Protein chains: 2
Amino acid sequence: MPSFPTYAVTVDLVVLTVRDGALAALLVRRAAAPYRGRWALPGGFVLPDEDLAGAAARELAEETGLVPDAVHLEQLRTYGAPKRDPRGRVVTVAYLALLPDLPAPVAGTDAAAARWWPVEGVLGESVRLAFDHERIVGDGVERARAKLEYTPLGAAFCPAEFTIAELRQIYEAVWGTTLDPRNFHRKVTGTPGFVVETAGSTTRNGGRPARLYRRGEATLLHPAMLRP
Amino acid sequence: MPSFPTYAVTVDLVVLTVRDGALAALLVRRAAAPYRGRWALPGGFVLPDEDLAGAAARELAEETGLVPDAVHLEQLRTYGAPKRDPRGRVVTVAYLALLPDLPAPVAGTDAAAARWWPVEGVLGESVRLAFDHERIVGDGVERARAKLEYTPLGAAFCPAEFTIAELRQIYEAVWGTTLDPRNFHRKVTGTPGFVVETAGSTTRNGGRPARLYRRGEATLLHPAMLRP
DNA sequence: GGTGTAATCGTCAAGATGACGATTACACTG
DNA sequence: CAGTGTAATCGTCATCTTGACGATTACACC
């Protein structure tokens with residue numbers, strides 16, 4: 001076997017939630033060069049004895065304190081342009097995490113600060129990210145938008161029990177559109193396995209009491225719910 | 001910055017075509033240990049000054065002689081389990097390539113042999129692959145099957161000009177189903193940008209002459225064409 | 001000219017969707 | 001405590017898409 005080059009391998013996380021009616025990404029402020037002071041995706045090196053998903057889960061736990069069972073975590077894409085990190089060749093495997101809106105604080109261990117940023121600002125001009133992280137966020141957001149179409153994954157943004165209207169607001173925030181409440185209700189409750197009814201109901205959103213639902217068993221929607 | 005581990009990074013290619021009515025993958029026979037003599041995906045190390053897609057395009061050209069413009073090439077997924085390569089930690093970025101059936105010979109430069117294998121045999125028991133390549137092939141096949149649903153990518157398996165029936169046979173081979181010729185014809189010709197009619201026609205398949213079409217501009221199908 | 005083989009065009013019922021009216025059940029207010 | 005506001009939920013209807021399948025067309029070959 002001939003000699004071969006080796007590279008640093010990291011995982012970076014696009015952690016998304018819906019806060020205040022808007023899709024938001026978790027970012028950390030870099031404490032060291034390069035890009036010191038810039039906002040960046042949470043992430044870190046892959047340790048010698050862990051696999052990629054394990055590294056992603058570990059980083060997610062370090063940043064949010066969340067156990068992996070409670071969140072949706074999937075591989076997004078790998079980025080390895082030669083000059084994407086000025087320190088040398090770094091290949092990063094990006095993961096996408098979808099979370100309910102956390103009341104819990106976001107305590108970073110090795111970052112100067114961590115906070116949620118609305119993706120509108122991240123993909124616009126108001127926040128400039130380190131490295132190629134803006135593109136990674138964009139890919140993650142597009143993946144999330146697409147997955148809401150053909151999977152019941154919108155519920156991953158909701159707490160354990162939620163109303164149909166709350167789920168609809170997730171879709172509206174992620175897609176940046178408005179949806180007809182009646183048609184959305186018909187689609188969600190009419191698709192087997194999308195959600196399952198629970199005993200409870202709530203009036204926390206005002207108006208007539210709404211039934212509470214839990215996530216269903218389905219992993220794929222047939223037919224899909226397409227963006228307008 | 002603390003010290004960090006580095007790993008070998010490779011690209012592996014899942015190259016798919018449709019031959020003799022069946023979906024087939026390009027495999028090479030390993031000339032060296034480990035897994036010497038086993039069939040494996042074509043691939044190789046990422047060179048220090050090339051990006052991941054460039055490495056994939058280079059490997060594809062080395063194996064098939066094809067220029068990247070003529071083929072569909074997309075990143076599939078990254079595999080990095082600690083023990084996936086007995087020689088040490090190797091992270092591989094898999095790419096998926098879709099090709100028309102090549103009359104051209106498949107001349108490998110550094111492999112003992114190269115040939116097309118029906119994926120049915122590869123995912124079954126009749127061919128045993130090296131490393132975790134069977135799983136990678138499985139992921140690539142599933143990606144291809146899914147992409148035929150919501151993109152016009154089936155045409156990537158066809159030569160520059162093709163008939164609707166030839167395109168239908170691609171779908172039937174990839175999905176392993178039969179499709180109603182009349183409904184398929186209606187769907188394909190009725191979706192703007194899926195295919196564009198050319199002046200020619202052919203009787204190479206017997207029967208009434210069929211119009212020839214070229215790939216259209218569309219990249220997404222709305223609505224999708226779902227597997228039965 | 002008749003026959004075989006596909007390609008292409010039509011028809012129809014069933015299912016899904018978008019638009020939107022009507023009703024229901026609670027909290028809140030005066 | 002009846003009236004009012006706010007959502008949730010249920011219905012209706014025209015339109016679009018799909019699956020199933022009949023009918024017609026155009027060529028090659030006998």
Side-chain angles (χ1 to χ4, degrees), chain A residues 21 148-152 154-155 158 161-173 175 177-214 218 220-228, chain B residues 21 148-150 152 154 158 161-173 175 177-214 218 220-228:
Chain A
L148 290 210
E149 292 194 312
Y150 60 94
T151 71
C158 292
E161 296 202 334
F162 51 89
T163 70
I164 302 295
E166 287 162 357
L167 181 61
R168 173 170 49 83
Q169 285 154 16
I170 297 293
Y171 277 76
E172 293 178 336
W175 285 347
T177 61
T178 63
L179 299 171
D180 184 276
R182 294 156 290 189
N183 292 338
F184 184 84
H185 190 279
R186 176 180 61 190
K187 176 68 177 175
V188 171
T189 57
T191 302
F194 197 157
V195 294
V196 297
E197 198 170 332
T198 72
S201 68
T202 180
T203 62
R204 63 185 170 223
N205 303 314
R208 173 175 167 177
R211 294 189 198 142
L212 287 170
Y213 292 82
R214 216 176 310 112
L220 234 41
L221 298 186
H222 278 301
M225 174 163 43
L226 299 179
R227 287 174 263 191
Chain B
L148 291 209
E149 292 194 312
Y150 59 92
C158 293
E161 296 201 334
F162 52 88
T163 70
I164 302 294
E166 288 162 355
L167 182 60
R168 173 171 50 82
Q169 285 154 14
I170 297 292
Y171 278 75
E172 293 177 335
W175 286 346
T177 62
T178 64
L179 299 171
D180 184 275
R182 296 157 290 190
N183 293 337
F184 184 84
H185 190 279
R186 175 180 63 189
K187 176 70 178 176
V188 171
T189 57
T191 302
F194 196 154
V195 294
V196 296
E197 199 170 331
T198 71
S201 67
T202 180
T203 61
R204 63 185 170 224
N205 303 315
R208 171 174 169 177
R211 293 189 199 144
L212 287 170
Y213 292 82
R214 217 174 309 112
L220 235 41
L221 298 186
H222 279 300
M225 174 163 42
L226 299 180
R227 285 173 265 191

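Below, read A as the first sequence line, B as the second, and so on, with proteins coming before strands; counting in each chain starts at 1. Remember, predicted model here, so these are calculated numbers, not experimental data.
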Item checked: Side chain of Lys187(B) - closest among dC10(D), dT18(D), dA26(D) -> dT18(D)
Next item on the list: Round to a whole Å and report the spacing from CG of Asn205(B) to C1' of dG4(C).
Entry: 15 Å
Notebook entry, point to check: Atom NE2 of His222(A) to atom P of dG15(C): distance rounded to whole Å?
Noted result: 17 Å
Notebook entry, point to check: In whole Å, what is the span from the CD atom of Glu166(B) to the P atom of dT8(C)?
Noted result: 11 Å
Next item on the list: Map Tyr213(A) and Asp180(B) onto DNA chain D by nearest heavy atom, then report which one ends up closer to the 5' terminus.
Entry: Tyr213(A)
Note to self: Mind checking if Pro228(A) touches a base, just sugar-phosphate, or nothing, with heavy atoms under 4.0 Å?
What the structure shows: nothing
Checklist line | Shortest side-chain distance from Arg186(B), nucleotide among dC13(D), dC12(C), dA26(D) | finding: dC12(C)
Item checked: Value in whole Å for how far the P atom of dT23(C) lies from CZ of Arg182(A) -> 14 Å
Checklist line | Touch class at under 4.0 angstrom, heavy-atom based, for Arg211(A) against every strand present | finding: sugar-phosphate
Item checked: Smallest separation among heavy atoms of Arg214(A) and Thr198(A), with atom names -> NH2-CG2, 3.5 Å
Check: Expressed in angstrom and rounded to an integer, what is the separation of Asn183(A) atom CG from dG21(C) atom P?
Finding: 13 Å
Item checked: Closest contact, heavy atoms only, Ala210(B) versus Thr163(B) -> CB-CG2, 3.8 Å
Next item on the list: Using heavy atoms to find the nearest nucleotide of DNA chain D for Leu226(B) and Thr203(B) separately, return the residue whose nucleotide is more 5′.
Entry: Leu226(B)
Item checked: Check: Gln169(A) side chain, Gly21(A) main-chain N or O, donor-acceptor pair, under 3.5 Å -> no
Check: His185(B) side chain N/O closer than 4.0 Å to the phosphate oxygens (OP1, OP2) of dA7(C)?
Finding: no
Notebook entry, point to check: When the distance from CG of Leu167(B) to P of dA6(C) is rounded to whole Å, what number comes out?
Noted result: 18 Å
Next item on the list: Kindly indicate, with the supporting measurements, whether the criterion side chain to side chain contact (heavy atoms under 4.5 Å, CB included) is fulfilled by Tyr171(B) and Val188(B).
Entry: CA-CA 12 Å; Tyr171(B) 278 75; Val188(B) 171; 5.9 Å; no
Next item on the list: Go through Asn205(A) and Glu166(A) one step at a time and tell me if the side chain to side chain contact (heavy atoms under 4.5 Å, CB included) criterion holds.
Entry: CA-CA 9 Å; Asn205(A) 303 314; Glu166(A) 287 162 357; 3.3 Å; yes
Checklist line | Donor-acceptor pair present, Arg208(A) side chain and dA25(C) base, under 3.5 Å | finding: no
Checklist line | Between C1' of dT17(D) and CZ of Phe184(B), the distance in whole Å | finding: 16 Å
Checklist line | Between C1' of dA8(D) and CG of Leu212(A), the distance in whole Å | finding: 12 Å
Check: So, is Arg168(B) close to the dA7(C) phosphate, meaning a side-chain N or O under 4.0 Å from OP1 or OP2?
Finding: yes
